[in-house]
Amino acid sequence: MLNVSDLSVSFVTRNGVTEAVKNVSFSLEKGKTLGIVGESGSGKSVTCYSLLGLIPMPPGKITSGCANFFDQNLLQLGDKELTAIRGHRISMIFQDPMASLNPYMRVGDQIMESLRVHHKITFSEAKERAIQALREVGIDAAKHRFNSFPHEFSGGMRQRVMIAMALATEPELLIADEPTTALDVTIQAQILELLDEIQRKRKLSIIFISHDLAVVRDVANHVIVMKSGEVVEAGDPNQIFKSPQHPYTQRLVDAVPGSTKASAISDAEKNVVLSVKHLKTTFRFKSGLPWKREDRLVKAVDDISIDISKGEILGLVGESGSGKSTLGRTIMRLVEAESGEVIFNQTNLLQLTGVALKQARKEFQMIFQDPYASLNPRMTVYDTLAEPMLLHKLVDKNELSHHINLLMDDVGLERTSVKKYPHEFSGGQRQRIAIARALSSQPTLIIADEPVSALDVTIQAQILALLLNLSQERDLTMLFISHDLSVIRYLCDRVAVMQAGSIVESGDTEEVFLNPKHQYTQKLLAAIPGAV
């Protein structure tokens with residue numbers, strides 16, 4: 001179906017010409033899955049984007065190679081010919097759904113748009129197929145959510161919308177760029193099962209780009225490992241992950257989180273920093289047809305009480321839409337609570353306003369799930385990291401550059417990148433910038449909302465080690481929200497399981513993982529992909 005040979009792609013930058021892809025070759029049979037793994041910036045996404053003419057030219061340029069899709073060389077097609085293929089015969093699931101979805105269009109209209117462009121069907125037929133596509137990817141109340149805008153969905157649910165849009169046109173080839181990165185394990189299992197079912201039914205071919213080695217091993221028939229734009233190893237996934245030959249592949253496999261966290265905090269050492277008491281957050285919105293609107297109430301956080309001790313990391317897990325992110329945002333006062341208390345350092349944050357709230361916020365920071373949406377696109381990395389330090393007068397201006405360079409080192413970014421803008425980084429690199437920004441004000445408490453979901457395994461390991469080190473050295477307290485249960489088990493002292501706005505189970509991490517009491521927790525643990 002697809003044969004790519006000697007593909008090379010370069011970009012003209014302010015520092016000269018960068019070779020992003022170097023003589024990459026691979027082939028894909030009909031009905032098979034090719035897995036592409038590698039760190040952020042290894043050239044995985046650029047390789048696939050170049051096949052569909054999705055890299056900006058200039059500054060990008062395809063310097064050599066061919067990509068035969070059946071009897072057509074994709075690299076020699078014009079815009080009109082590629083437009084007829086993109087979204088129809090070849091669909092793509094992008095890594096960053098918030099940047100890929102149109103914020104001004106309802107999600108149902110966006111799915112319908114691709115259907116009506118490539119299939120000559122009526123409006124009502126397109127709408128029915130769009131609603132069915134939303135149902136297939138696990139979105140509840142699909143008829144109601146059809147009229148929602150992207151910002152009304154959680155990160156995981158936005159990714160499901162992207163998957164629904166890609167599959168609705170029944171493509172022959174699906175390029176999936178980190179398609180399950182933002183999904184919790186149960187929805188990830190559903191999506192992978194759905195892709196497998198559709199693949200068998202339609203003989204769909206898939207290129208699956210991911211940093212999750214366990215998922216790639218489970219879904220791929222063949223794997224290529226990329227580093228610095230080159231293929232360093234290729235072959236059967238089981239063979240590669242069990243007996244990696246190249247040192248780089250060995251490093252990737254070794255970086256997968258282990259199963260055990262360091263010793264938990266004893267009862268005698270507990271000093272509660274954050275105490276949430278009977279917290280409730282309710283969203284009110286209208287749904288239904290324009291002439292028949294109905295008020296709907298959603299209890300996103302429903303009478304939750306939790307305590308986090310000094311130096312402790314509490315993991316919060318649950319499916320997308322369970323209320324995890326809303327709980328974190330309510331604690332941060334980014335979403336207003338209906339009732340309850342949030343006691344931080346013996347102060348009720350819900351009662352603070354104005355200057356008092358601004359001063360308190362220096363002590364607690366948030367790492368957001370979607371770095372592209374949370375970073376200012378008009379600010380360089382330098383300005384982004386400098387802003388909190390200057391705002392709270394933490395650093396003398398003469399020492400500002402030194403402290404910014406240290407932050408860049410901590411999160412694994414080159415110091416020379418400080419003058420770049422967010423769009424010049426990969427998704428994983430943008431997340432590292434967001435983590436550095438959260439650390440810049442030297443907080444006591446960090447609420448981390450999926451902070452490593454966009455990172456490849458080696459950088460993920462670095463960030464997790466950094467967070468552990470910060471927790472131990474600075475007595476940093478953390479609420480760690482994640483759908484990756486292996487990360488939760490590795491990092492967290494305790495874990496709380498959230499479903500439909502409520503905590504259904506909590507306890508020491510190992511106890512919950514080894515002896516889950518609640519049926520929902522058992523379902524989450526059963527959905528974890530096989531360990532590498």
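Keep in mind the model is a prediction, meaning the values are calculated, not measured. All residue numbers refer to positions in the sequence shown, counting from 1. Computed from heavy atoms alone, side chains included, the values below leave out hydrogens, waters and symmetry copies.
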- Message: Determine whether a donor-acceptor pair (N or O, by modelled atom type, separation under 3.5 Å) exists between the side chain of Asn73 and the backbone of Ala67.
- Response: yes
- Message: How close do Leu491 and Ile313 get, counting heavy atoms only, and between which atoms?
- Response: O-CD1, 3.7 Å
- Task: Find out whether Met112 and Phe123 are in side-chain contact, i.e. whether some heavy atom of one side chain is under 4.5 Å from a heavy atom of the other.
- Result: yes
- Query: Taking the side chain as C-beta and beyond, is there a heavy-atom pair between Thr169 and Val117 under 4.5 Å?
  - Reply: no
- Query: Is Lys203 salt-bridged to Glu29, cutoff N-O under 4.0 Å?
  - Reply: no
- Task: Measure the spacing between CG of Leu34 and CG of Leu173 and express it to the nearest 0.5 Å.
- Result: 10.0 Å
- Query: Given side chains that start at C-beta, do those of Arg106 and Asp109 come closer than 4.5 Å, heavy atoms only?
  - Reply: yes
- Task: For Leu316 and Ile488, work out which heavy atoms get closest and say how close.
- Result: N-CD1, 4.2 Å
- Check whether any side-chain N or O of Ser205 sits under 3.5 Å from a backbone N or O of Gly31 as a donor-acceptor pair, and report yes or no. yes
- Query: Can you name the one residue among Val223, Asn3, Ile207 that meets side chain to side chain contact (heavy atoms under 4.5 Å, CB included) with Phe26?
  - Reply: Ile207
- Message: Is there a side-chain contact (heavy atoms from CB on, under 4.5 Å) between Arg129 and Ile121? Walk through the geometry before answering.
- Response: CA-CA 10 Å; Arg129 285 177 61 173; Ile121 57 178; 4.1 Å; yes
- Query: For the atom pair CG (Leu385) and CE (Met379), what is the distance rounded to the nearest 0.5 Å?
  - Reply: 9.0 Å
- Ignoring hydrogens and geometry, is there a side-chain-to-backbone donor-acceptor pair from Asn102 to Tyr104 under 3.5 Å? yes
- Message: As an exercise, state the distance from SG of Cys48 to CD1 of Ile90, rounded to the nearest 0.5 Å.
- Response: 10.5 Å
- May I ask you to check if Lys61 and Phe11 form a cation-pi contact, with NZ or CZ under 6.0 angstrom from the six-membered ring centre and within 45° of the axis? no
- Mind checking whether Ile446 and Phe364 have side chains closer than 4.5 Å, heavy atoms only? no
- Item | Note, Val4 side chain near Ser27 side chain (heavy atom, < 4.5 Å) | no
- Task: Looking only at non-hydrogen atoms, find the nearest pair between Arg430 and His423 and report the distance.
- Result: NH1-CA, 4.2 Å
- Note on the structure: Output for pair (Ser114 OG, His88 NE2), nearest 0.5 Å, gives 10.5 Å
- Verify side-chain contact (heavy atoms from CB on, under 4.5 Å) between Met408 and Glu414, making sure each step is shown before the conclusion. CA-CA 7 Å; Met408 296 291 280; Glu414 295 289 337; over 6 Å; no
- Message: Taking Thr18's backbone N and O only, do any of them form a donor-acceptor pair with Ser10's side chain (distance below 3.5 Å, no angle check)?
- Response: no
- Task: Kindly indicate whether the side chain of Met92, heavy atoms from C-beta on, has any atom under 4.5 Å from the side chain of Leu174.
- Result: no
- Which heavy-atom pair separates Ile481 from Pro451 by the least distance, and what is that distance? O-CD, 3.8 Å
- Query: Heavy-atom distance under 4.5 Å between the side chains of Val24 and Met226, does that happen here?
  - Reply: yes
- Would you verify whether the NZ or CZ of Arg145 falls within 45 degrees of the ring axis of Phe153 while also being under 6.0 Å from that six-membered ring's centre? yes
Under 3.5 Å, which donor-acceptor pairs do the side chains of residues 229-240 form with other protein atoms, sequence neighbours left out?
residue : atom : partner : partner atom : Å
Glu233  : OE1  : Gln245  : N            : 3.4
Glu233  : OE1  : His246  : N            : 2.9
Glu233  : OE1  : Thr249  : OG1          : 2.8
Glu233  : OE2  : Gln245  : N            : 3.0
Asp236  : OD2  : Asn238  : N            : 3.1
Asp236  : OD2  : Gln239  : N            : 3.2

- Message: For Lys32, is the NZ atom crowded, meaning more than 12 foreign heavy atoms sit under 6.0 Å from it?
- Response: no
- Does Lys227 reach the main-chain N or O of Ser42 with its side chain, forming a donor-acceptor pair under 3.5 Å? no
- Task: Look only at the side chain of Ser210 and the backbone of Glu178, and say whether a donor-acceptor pair between them is shorter than 3.5 Å.
- Result: no
- Query: Please walk me through it: do Leu213 and Phe241 pass side-chain contact (heavy atoms from CB on, under 4.5 Å)?
  - Reply: CA-CA 8 Å; Leu213 303 186; Phe241 296 138; 4.0 Å; yes
- Provide the closest heavy-atom pair for Ala166 versus Ser91 in the form atom of the first, atom of the second, distance. O-OG, 3.0 Å
- Determine whether more than 12 heavy atoms belonging to other residues, nucleotides or ligands lie under 6.0 Å from atom CD of Glu152. yes
- Task: State whether the side chain of Arg86 and the backbone N or O of Leu52 hold a donor-acceptor pair below 3.5 Å, judged by distance alone.
- Result: yes
Per-pair distances, 0.1 Å, donor-acceptor, side chain in residues 387-397, under 3.5 Å, sequence neighbours excluded:
residue : atom : partner : partner atom : Å
Asp396  : OD1  : Asn398  : N            : 2.9
Asp396  : OD1  : Asn398  : ND2          : 3.3

- Query: Got a sec, which residues hit salt bridge (charged side-chain N to carboxylate O under 4.0 Å, His left out) with Arg333, two or more places apart in sequence or on another chain?
  - Reply: Glu336
- Counting N and O atoms only, with roles assigned by atom type, does the side chain of Ser64 sit under 3.5 Å from a partner on the main chain of Asp6, one being a donor and the other an acceptor? yes
- Please report the closest heavy-atom contact between Ser417 and Val381, naming both atoms and the distance. O-CG2, 3.9 Å
- Item | Flag, side chain of Arg432 to backbone of Gly412, donor-acceptor distance under 3.5 Å | yes
- Query: Going through the checks in order, is the ring pair (Phe, Tyr, Trp, His ring centres under 6.0 Å) test met by Phe94 and Tyr49?
  - Reply: CA-CA 10 Å; Phe94 293 95; Tyr49 288 8; 5.8 Å; yes
- Do the non-hydrogen side-chain atoms of Gln72 and Asn68 ever get within less than 4.5 Å of each other? no
- Item | From CA spacing to verdict: side-chain contact (heavy atoms from CB on, under 4.5 Å), Leu252, Glu39 | CA-CA 8 Å; Leu252 288 179; Glu39 293 177 293; 4.1 Å; yes
- Check: Leu204 main-chain N/O paired with Gln199 side-chain donor or acceptor under 3.5 Å: yes
- Message: Let me confirm one number: the OG-CG distance from Ser25 to Leu7, rounded to the nearest 0.5 Å.
- Response: 8.0 Å
- Query: To the nearest 0.5 Å, what is the distance between CD (Gln429) and CG (Leu413)?
  - Reply: 6.5 Å
